[in-house]
Number of protein chains: 2
Amino acid sequence: MLNDLDERIVHALAEDARRSYADIGQLVGLSAPAVKRRVDRLRATGAITGFTVRVDPAALGWETEGFVEIYCRSNTSPETIQRGLERYQEVVAASTVTGDADAVAQVFASDMRHFERVLERIAGEPFVERTKSVLVLSPLLRRFSSGSPA
Amino acid sequence: MLNDLDERIVHALAEDARRSYADIGQLVGLSAPAVKRRVDRLRATGAITGFTVRVDPAALGWETEGFVEIYCRSNTSPETIQRGLERYQEVVAASTVTGDADAVAQVFASDMRHFERVLERIAGEPFVERTKSVLVLSPLLRRFSSGSPA
DNA sequence: GCTGAAACGGCTCTGTT
DNA sequence: AACAGAGCCGTTTCAGC
C-alpha cells in the first residue's frame with residue numbers, strides 16, 4: 001500500500017517513465033532528490049519492478065493478437081506451464097485461471113498464418129491437452145505495464 | 001517494420017526504459033547520439049508510443065485480477081463499449097473479440113469484494129447483456145507494455 | 001542518408017544540514 | 001525533506017563516411 005505522494009509519483013511515471021525527477025517533483029511538490037529517494041524505495045520494496053517502453057504492436061508488424069486458453073494434462077504445475085510458455089517470443093502474458101481452462105496466454109503474431117503456427121506449437125507441448133483461442137478484433141483500452149491502476 | 005538495430009534498441013528499452021543512450025549504444029554497437037536519433041524516429045513514426053513504469057499490482061494493493069467476458073446487446077458499437085469501460089479505473093485493458101463474447105476486459109481490484117462490485121457495475125451498464133468472468137490464480141509471465149514481442 | 005566527436009546545459013546522485 | 005556539490009547524461013552542433 002502506498003501513500004498519496006507515492007501514488008502520484010507512480011502515476012507520473014506511468015504516463016512518462018523518462019520524465020525527470022525534477023519534473024515529477026514540481027508536479028507533486030517535492031524536490032528532485034526527494035522524488036528519487038522515494039522511487040528508489042519503491043523499487044527496493046518491489047512496488048515498482050522496472051521501466052519499460054510502450055510499443056505499437058501494429059507498427060512493429062505484429063498485427064494479429066489473441067488469447068489462448070490452455071487445457072493441461074492433470075498434475076501440470078504452474079511452473080511447468082511458465083517454463084513451457086516463456087520460450088515463445090509471441091507469448092507476452094500468461095496466467096493460471098479459474099474456470100474450465102487451466103491457463104490463458106496472450107499472443108501477438110505478425111499475421112494469421114504466424115498465429116496459427118504458434119498455436120500449433122503450443123498445442124503440441126507435452127503438458128497441453130487442448131487449446132481454445134479467441135482473436136482480438138480491436139483493442140479498446142490499454143493502461144500501464146503490468147496492468148495495475150493507480 | 002523495423003530493421004535489426006531498431007529491434008535491438010526497442011528490446012533494450014523494453015528491459016529498462018531508463019537505461020542511458022550510451023548504455024544502449026554499447027549494447028547495439030552505436031554511439032549515444034545515434035541511438036537517440038533512432039529512438040526519436042521510432043517515437044515520430046509511432047512504433048514507440050511512450051515509456052511507462054512496471055508496477056507490482058499486489059504491492060499497490062490490487063490483489064485480485066480477472067478477465068471479464070462481456071456479452072452486449074445487439075447493435076452495440078466498439079466505441080460504446082470503449083466509452084463505457086474507460087470510466088472504470090479497475091479496467092486496465094479491453095478488446096473486442098471473436099467467439100461468443102463481444103469483448104474481454106482485464107480487471108484489477110483490491111480484493112474479491114471489490115472485484116464483485118466492479119463486476120456488478122459493469123453488468124449494469126445499459127449496453128451489457130451479461131458477463132462471464134475468469135479469475136487469475138497466478139500470473140506466470142508479463143512482457144512489454146502494450147504487449148508486443150520484439 | 002547515415003554516423004561519430006565534442007561541447008553545453010541540465011540532471012542524477014551523494015553527502016550534509 | 002531541502003540544499004549543494006561533483007559527475008554523468010541528454011541534447012545539439014558539427015564534420016566525415
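Every chain is numbered from 1 and lettered A, B, ... according to where its sequence line falls, protein lines coming before strand lines.
- In this structure, the separation between CZ on B:R54 and OG1 on A:T52 is 4.5 Å, given to the nearest 0.5 Å.
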Base-contact (B) and sugar-phosphate-only (S) positions in nucleotides 5-17 of chain C, heavy-atom cut-off under 4.0 Å, - elsewhere: BB----SSSBB--
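- From B:R87, atom CZ reaches atom CD of B:E125 across 4.5 Å, with rounding to the nearest 0.5 Å.
- Every salt bridge (Lys or Arg N to Asp or Glu O under 4.0 Å) that A:E15 has, sequence neighbours left out, goes to A:R19.
- Across every non-hydrogen atom of B:G84 and B:F127, the tightest pair is CA-CE2, 3.8 Å.
- Atom CG of B:N3 and atom C1' of C:dT3 are 14 Å apart (whole Å).
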Please tabulate, for the side chains in residues 91-101 of chain B, all donor-acceptor contacts under 3.5 angstrom to protein atoms that are two or more places apart in sequence or on a different chain.
unit_1: B:T96; atom_1: OG1; unit_2: A:S138; atom_2: N; d: 2.9
unit_1: B:T96; atom_1: OG1; unit_2: A:S138; atom_2: O; d: 3.3
unit_1: B:T96; atom_1: OG1; unit_2: A:S138; atom_2: OG; d: 3.0
unit_1: B:T98; atom_1: OG1; unit_2: A:L135; atom_2: N; d: 3.0

Side-chain polar contacts of residues 20-36 of chain B - donor-acceptor pairs under 3.5 angstrom, sequence neighbours left out - could you list them?
unit_1: B:S20; atom_1: OG; unit_2: B:D23; atom_2: N; d: 3.1
unit_1: B:K36; atom_1: NZ; unit_2: B:D40; atom_2: OD1; d: 3.3
unit_1: B:K36; atom_1: NZ; unit_2: B:D40; atom_2: OD2; d: 2.3

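- For B:R38 and B:E7, the salt-bridge test fails: no basic side-chain N is under 4.0 Å from an acidic carboxylate O.
- Rotation axes derived from the C1' atoms of the five outermost pairs at either end of the helix from C:dG1-D:dC17 to C:dT17-D:dA1 lie 30° apart, to the nearest 10°.
- Residues that satisfy the side-chain hydrogen bond (donor to acceptor under 3.5 Å, both in side chains) test with A:R130, not counting sequence neighbours, are absent from this structure.
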